[in-house]
S.K.: 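Shown below is the structure under consideration.
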Amino acid sequence: MEMGSTLNMDFQEDSGTLGSLPVTTSRNMSSSSSAFFSANQSPFFSPRSSTCQFSESTRSDAQCDSANLSADPPSSCSGIQGTECLGNARFDLPDMKLEPTACISSDFRKSDHVVSNGTLSSYGHVGDNGYYDLIAKHRKQMRSHDMSFSPVPISLSSNRNRSYDIYIGLHGRKPSLQRFANWLRAELELQGMSCFVSDRARFRSSRKLGLMEKAMDVSSFGVVILTRKSFKNPYTIEELRFFSSKKNLVPIYFDLSPGDCLVRDIVEKRGELWEKHGGELWFLYGGLEKEWKEAVNGLFRVDEWKLEAQDGSWRDCISRAVSLLAMRLGRRSVVEQMMRWREKVEKEEFPFPRNENFVGRKKELSELEFILFGDISGETERDYFELKARSKRKNLMIGWSKSSSVEERLGKRQWGSGSRKGKEPVIWKESEKEIEMQSTERQQNQRPKGGGWTSRRKKSAKIVYGKGIACVTGDSGIGKTELLLEFAYRYHQRYKMVLWIGGESRYIRQNYLNLRSLLEVDVRVENCIDKSKMKSFDEQEEAAISRIRKELMRNIPFLVVIDNLESEKDWWDQKLIMDLLPRFGGETHIVISTRLPRVMNLEPLKLSYLSAVEAMSLMQVNAKEYPIAEIDVLRTIEEKVGRLTLGLAIVGAILSELPINPSRLLDTINRMPLRDISLSGREAHSLRKNTFLLQLFEVCFSIFDHAVGPRSLATRMVLVSGWFAPAAIPVSLLALAARKIPEKHKRTCFWRKVLRSLTCGFSSSYSKRSETEASSMLLRFNIARSSTKEGYVHFNELIKVYARKRGVTGVAHAMVQAIVSRGSLSLHSEHIWAACFLLFGFGNDPIVVELRVSELLYLVKEVILPLAIRTFITFSRCRPALELLQLCTNALEVADQAFVTPVEKWFDKSLCWRPIKTNAQLNPCLWQDLALSRATVLETRAKLLLRGGQFDIGDDLIRKAIFIRTSICGEDHPDTVSARETLSKLTRLLANVQTHT
C-alpha cells in the first residue's frame, strides 16, 4: 500500500484536536471529554477506494485481544478521527487490535494521535491539568503490567478524486450526540455506504478545512445533525446552504423538531428552547443575516426528509435514515434487509410484553441510566433522586489489583462541578482496569493482607458510572426482572437491539450463542480436518463465542440483559461468565440481575422493597375502596408475604378476581395447612424463610381445583412447570405433560367447602378445561406471566422451585414423556436439555426418570442424536454434546447388561429341566435394536471426536461399533462399510500425528 504524500500535517498549527467522532463514546458528563483527529491525518477510506485495501479476513476481527495496534479492513467511511480511537472507516478503535483497553486510555481525551510519514504517533497535549505528564505515567504503568503499545505504519490513500455516499456534519461535544452520530455512521457503513464525518468547527488548519470542503463537494448526500447550538455555528450554516443548493440536504433534528426551527422564534427568543440559545446568532461568528436566514429557511424546503432523533426515537430515526438513503442511492437490497430486520426485532427482541401495572422504581431506573450512560436526560432527569452512597465515594472504579495508588494519581477529573449545584461533585478515575476487567483468577481470588475478604470487598468493589455495565441484586421475587424489563422498554430506542439472555448456569452459554440469529452471526463448528492445524474443542467453542462477542464490540450499541445470573462460572467447564461479555466501556451496555451478593468485582445496585404506597397500589389493582380496618389488613399481608412483589401481585389478583375482602383472604391463608415437603438446598432458601408465601400458593391451587374440579389442569400445569427449563414454555406442551401426571390423592372435603364459599359464582366462568382457559387462569392470578411468543408462558423461579419440592409422584416422568413425544428440536431445545438432565444424571445429579427399553430406543434415535449433532455442529458446543452422547452410551450399556442377565419366570421354576433364558433370548428383535442403537451412538461419537483431534479415543469407539454391526448385520451391510471408512480415516490421521510427534 502506498502512503499519501500530502498527508503530513504539522501538529502545532492546530490547537484543536481533529477527527471523527470517538468510536468508543465517552460517557463522561463533561462536554469536554471528547476530542477529534485531523481528517488529513486519518481520512476514512471506503471499500471503493482502490488504493486503500486491507485484508478482508480481518473484518470479523474488529475487536480482538492483541497488544499491538493494527489496521482493520477498509471501511466505507471517511472523515475526521477521534481522540479515543483512530477514526472511522476501519480505523475505528473497536475495529483495532488493542489490549487491555478500548483505546490508548480514556484518561487522555485531550491527547492527539497524528499520522505522519506513515507512522502512528502519540503526542500529549499539555494543558492545565498536566496531561503530558499523565501520559508518561500511564505508559510507565502499562510497561509495569507487561503491556505494550506498538505503533505500526498505516498506509493511506492519496486519491483526492474519490467520492463518498454520505457526508455527515455535526457540531458539539455532547456525549449523547457523539453516541448517536457514531451509531448512524456505523449503521451506514454496515450497509455498504461510504461516509465522511466531521465537526469542522474543531479545526483551524486551512488545509484540513479544505479537505473537508472537497469531501462535501464529492458526497452524494449531506446529512447535517442539527442541535440547538448548531445555528450559532458558521460551518453548520455553510453546510445547510451548500447541500440545500445541491438539493441533497438530509437534516436530522437531534432533540429538536422541524417546528422549532423557525427564524422568527430563534431571532426573537420565543419559547423555552430559544430563550437561552436564540437571538441574532449570526453576530456570534460575524456572519451575514441574509445567509443565516437563507440556511434556516432552507430546512422547510426539504419536505421528504423529516428525521427526528428525539430521546425516545433514536433507533427509528437511524433505521429510517438508512432506508431512505439506501433507496435514493439505488440500494434496494439494503431496504429489503432493513425491513426483514425490523420484522425480526419486533417479534424476538423482548421475552415478555411490557408490564402495564409497573409501579415505583423511579430511583432505581434513574440510577441504572446514570450507571450505564454516565448522565441522565429527558423525563428521567425530572424524576431523578439523590443517590445516597454516591456523594461519599471519591474514587469510582473497578479493579482487580491489590493497589490502586497509581490509578489514583492518573487523571482525577471532576464532573459537573458547576452544572449541578448543591451536590458534591463526583470524582472520576479512569484507567485500563476500568475499561476492561481482566479475567484473571489469580487476581480475583487473591486474599489481601490483614483484611480478609471483607477488606478486599470494601477496597475494590465500587460502582462504576458511565462504563456500560450495571448489576442489580435482590431476593427472589422482589422484582429484578420487572425492573430490567421496564428499563429495556423505556430505553430500547437508544440501542439497535435488546438482547435478553437467561442467566441460569446450565443454559447461559447456549442462550448466549442463540443470539446468532438476531446478530446474523455464523457460529457453526469449523471443519479443520483438512487444514494444517487441528483446533481443539475448547478452541472451537471459544471461536464461536468470540464471533458473537466481536459483533457486540462494534460501534453499534446493543443492550445485553443477563437475567437471573446464578453463578459467575459456567456450569459445564467452570469458565468465567465474564469471558462471554464484550469489553466494558464500549457502545454495548450490559445489565445483570442476580441473587448473588456481588458479581465480577462490581458493587451491585441492591434492590430494596417497594414503598408502602407502591405496595398498596400493587395489591389494589381494581382500585377498590376499603375501610381503614381493611387497609391495615393489607399492610399485615404485605409484611407476612415478605414484601415481595411476586406475593403482592398474587394477592392483588385474588382480590381483583374474587368477591373477597382482605380480612377473609388473610384468614384463609392462615388456615391453609402447609404440606410436609423438604425445603433443603440453596434454591429453597427464600421459601424456608417465607412460609406465608407457600400458603398463598396453596390457596391459589385450591382456587383452581375448586373452579374446575379436584384435578385442575391449571394446578397440574404449575406442578409440571418446575421440571421444564427456565425458558418460555409452550402451553400445548405444558398441558400435555400435565395430563400425563398420574392420579393423586384427593383433597380433603373440609378445604373444598371453605373455598367453595369464597369462590361462589367463579366456577361457571371456568367450566371448560381447555388449555387456553387453564393458561388464562394462571395469567390472571399472576402465577404465570405471558410471553411475547404466542402460546407460551413463563413461571417465576420461586414457583418452579416450590412445584419441584411439592413432590407429586410421576410429574418429572410426565414432563419427559411430553418432551419425547412432542418436543421440537428447533423450538424446544432448552426443554429437551432439561429432560436429558433428568434422564442421564449429568455431573453429580441423580437419575430422576428411568425409561423402558423401547422408550429409551425411541429417545436416542429421535431426540438424543439430533440434539447432540445440532449442539456440536450448529453452536460449536463440543463438550456438552460429547458428554450427552457418553451418558447416553452408558445408559444403553446398562440396558444391554440387563438384557444379557438371566431372568427367572414363575413358570420356569415349576419346570426345572428347562434352562433359564435371558431377555435377549426372550426379545431378540428388541435386543438387536438396542445393540445397533448403541453402535450408532458410538460411531457418532467417533466422528465428532475426529473433528477435535482426539483420534485415539475415536479409533477405539469406532472399532466397538464395527464389531457390533458385523455381529448383527454382517460385513457387507452399508452401515458396517460406512463405519469401516470412518475407521480408515481415523487410522490415517492417527498415523500422521504419530509421525509428526
Side-chain angles (χ1 to χ4, degrees), residues 816-817 819-825 832-833 835-836 838-842 847 849-873 878 880-903 916-948 950-987:
V816 172
Q817 286 182 322
I819 290 294
V820 172
S821 61
R822 199 180 293 181
S824 169
L825 187 59
I832 295 177
W833 271 107
C836 292
L838 299 176
L839 286 166
F840 299 121
F842 285 73
I847 297 176
V849 177
E850 295 184 359
L851 299 178
R852 297 192 300 270
V853 174
S854 58
E855 294 175 332
L856 180 61
L857 292 178
Y858 179 84
L859 176 77
V860 171
K861 180 181 178 181
E862 301 295 332
V863 178
I864 301 300
L865 287 174
L867 176 64
I869 294 172
R870 182 174 185 264
T871 302
F872 190 102
I873 301 297
C878 306
L882 290 171
E883 185 174 351
L884 173 62
L885 291 176
Q886 181 178 353
L887 293 175
C888 179
T889 303
N890 297 341
L892 291 172
E893 289 176 350
V894 170
D896 182 78
Q897 187 65 31
F899 257 77
V900 299
T901 302
V903 296
I916 298 178
K917 296 184 177 181
T918 63
N919 273 328
Q921 295 172 310
L922 296 173
N923 302 287
C925 294
L926 188 60
W927 177 78
Q928 288 184 6
D929 291 341
L930 178 63
L932 292 175
S933 178
R934 180 181 165 214
T936 302
V937 174
L938 290 172
E939 183 183 15
T940 303
R941 288 176 61 192
K943 289 181 177 179
L944 296 182
L945 287 169
L946 187 149
R947 287 177 172 266
Q950 299 186 12
F951 306 131
D952 51 347
I953 303 176
D955 183 86
D956 181 58
L957 295 177
I958 197 63
R959 291 180 186 276
K960 292 179 181 179
I962 292 173
F963 175 77
I964 295 172
R965 285 181 174 167
T966 303
S967 303
I968 297 177
C969 304
E971 293 279 353
D972 300 329
H973 192 275
D975 291 341
T976 307
V977 174
S978 174
R980 289 193 180 278
E981 292 175 355
T982 304
L983 175 61
S984 300
K985 183 182 292 187
L986 279 166
T987 303

S.K.: Test side chain to side chain contact (heavy atoms under 4.5 Å, CB included) on Asp972 and Val977 and set out the steps.
M.R.: CA-CA 6 Å; Asp972 300 329; Val977 174; 5.6 Å; no

S.K.: Where do Ala935 and Ala961 come nearest, in terms of heavy atoms and distance?
M.R.: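 Nearest heavy atoms, Ala935 then Ala961: O-CB, 3.5 Å.
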
S.K.: For a quick test of reading the model, state the closest non-hydrogen atom pair linking Leu932 to Ile964 and the distance between them.
M.R.: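 Looking at all heavy atoms of both residues, the shortest contact is N-CG2, 4.5 Å.
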
S.K.: Could you tell me the separation between the CD1 atom of Ile958 and the CZ atom of Arg941, rounded to the nearest 0.5 Å?
M.R.: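 So the CD1 of Ile958 and the CZ of Arg941 are separated by 11.0 Å.
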
S.K.: Just to verify, what does Ser821 make a side-chain contact (heavy atoms from CB on, under 4.5 Å) with, not counting sequence neighbours?
M.R.: Leu736, Lys740

S.K.: Distance check, rounded to the nearest 0.5 Å: Leu944 atom CG versus Ile869 atom CD1?
M.R.: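 If I round to the nearest 0.5 Å, the distance is 6.5 Å.
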
S.K.: Roughly how far, to the nearest 0.5 Å, is the CG atom of Leu946 from the CG atom of Leu957?
M.R.: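 With rounding to 0.5 Å, CG (Leu957) is 11.5 Å from CG (Leu946).
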
S.K.: Report yes or no: does Thr987 contribute a side-chain atom to a donor-acceptor pair with the main-chain N or O of Leu983 at less than 3.5 Å?
M.R.: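 The answer is yes, because a donor-acceptor pair under 3.5 Å joins these two groups.
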
S.K.: Quick check: closest heavy atoms across Ala895 and Leu930, and the distance to 0.1 Å?
M.R.: C-CD2, 3.7 Å

S.K.: So, taking the atom named CD in Gln928 and the one named CD1 in Ile968, what distance separates them when rounded to the nearest 0.5 Å?
M.R.: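 Output value for this atom pair is 5.5 Å.
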
S.K.: Look at the side chain of Glu855 and the backbone N and O of Arg852, then say whether any donor-acceptor pair between them is shorter than 3.5 Å.
M.R.: yes

S.K.: Of the non-hydrogen atoms in Cys836 and Phe842, which two are nearest, and what is the gap between them?
M.R.: O-CE1, 3.6 Å

S.K.: With a 4.5 Å limit on heavy-atom distance, are the side chains of Trp833 and Pro880 in contact?
M.R.: yes

S.K.: For the backbone of Gly970 and the side chain of Thr976, can you confirm whether one donor and one acceptor N or O come within less than 3.5 Å of each other?
M.R.: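 Here the side-chain-to-backbone pair exists.
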
S.K.: Would you say Glu850 has more than 12 foreign heavy atoms packed within less than 6.0 Å of its CD?
M.R.: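 No, CD of Glu850 has 12 or fewer neighbouring heavy atoms, counting only those of other groups under 6.0 Å.
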
S.K.: Taking all heavy atoms of Ala881 and all of Ala868, pick out the closest pair and write down the distance.
M.R.: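 For Ala881 and Ala868, the tightest heavy-atom pair comes out as CB-O, 3.4 Å.
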
S.K.: Please say which of Val863, Val849, Leu856, Leu887 ends up in a side-chain contact (heavy atoms from CB on, under 4.5 Å) with Leu839.
M.R.: Val849

S.K.: Find out whether Leu865 and Leu885 are in side-chain contact, i.e. whether some heavy atom of one side chain is under 4.5 Å from a heavy atom of the other.
M.R.: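 Yes; the side chains approach each other to less than 4.5 Å.
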
S.K.: Going through the distances and angles, do Ser967 and Phe963 end up as a side chain to side chain contact (heavy atoms under 4.5 Å, CB included)?
M.R.: CA-CA 6 Å; Ser967 303; Phe963 175 77; 4.0 Å; yes

S.K.: Walk me through whether Gln950 and Asp955 qualify under side chain to side chain contact (heavy atoms under 4.5 Å, CB included).
M.R.: CA-CA 9 Å; Gln950 299 186 12; Asp955 183 86; over 6 Å; no

S.K.: Do Lys861 and Leu857 make a side-chain contact, defined as non-hydrogen atoms from C-beta onward lying under 4.5 Å apart?
M.R.: no

S.K.: So, do Ser933 and Leu892 sit near enough that their side-chain heavy atoms are less than 4.5 Å apart?
M.R.: yes

S.K.: Starting at CZ of Arg934, measure out to CG of Asp896 and round the result to the nearest 0.5 Å.
M.R.: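 Atom-to-atom, Arg934:CZ and Asp896:CG are 5.5 Å apart.
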
S.K.: Should His973 and Arg965 be marked as a side chain to side chain contact (heavy atoms under 4.5 Å, CB included) after you check the CA-CA gap, both sets of side-chain angles, and the distance that decides it?
M.R.: CA-CA 8 Å; His973 192 275; Arg965 285 181 174 167; over 6 Å; no

S.K.: So does Glu981 pair up with Lys985, basic N to acidic O under 4.0 Å?
M.R.: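 Result for this pair is no, no salt bridge flagged.
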
S.K.: Below 4.5 Å, heavy atoms only, C-beta onward: do Arg980 and Thr966 meet side chain to side chain?
M.R.: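 Contact flag for Arg980/Thr966 side chains = yes.
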
S.K.: Atom CG in Leu838, atom CG in Leu851: separation rounded to 0.5 Å?
M.R.: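 Rounded to the nearest 0.5 Å, the CG-CG separation comes to 10.5 Å.
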
S.K.: As a test of understanding, state which of Ile864, Ile847, Asn890 forms a side-chain contact (heavy atoms from CB on, under 4.5 Å) with Phe840.
M.R.: Ile864

S.K.: A side-chain contact here means heavy atoms from C-beta on lying under 4.5 Å apart; do Glu939 and Ser978 qualify?
M.R.: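 Yes. Closest side-chain heavy atoms under 4.5 Å.
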
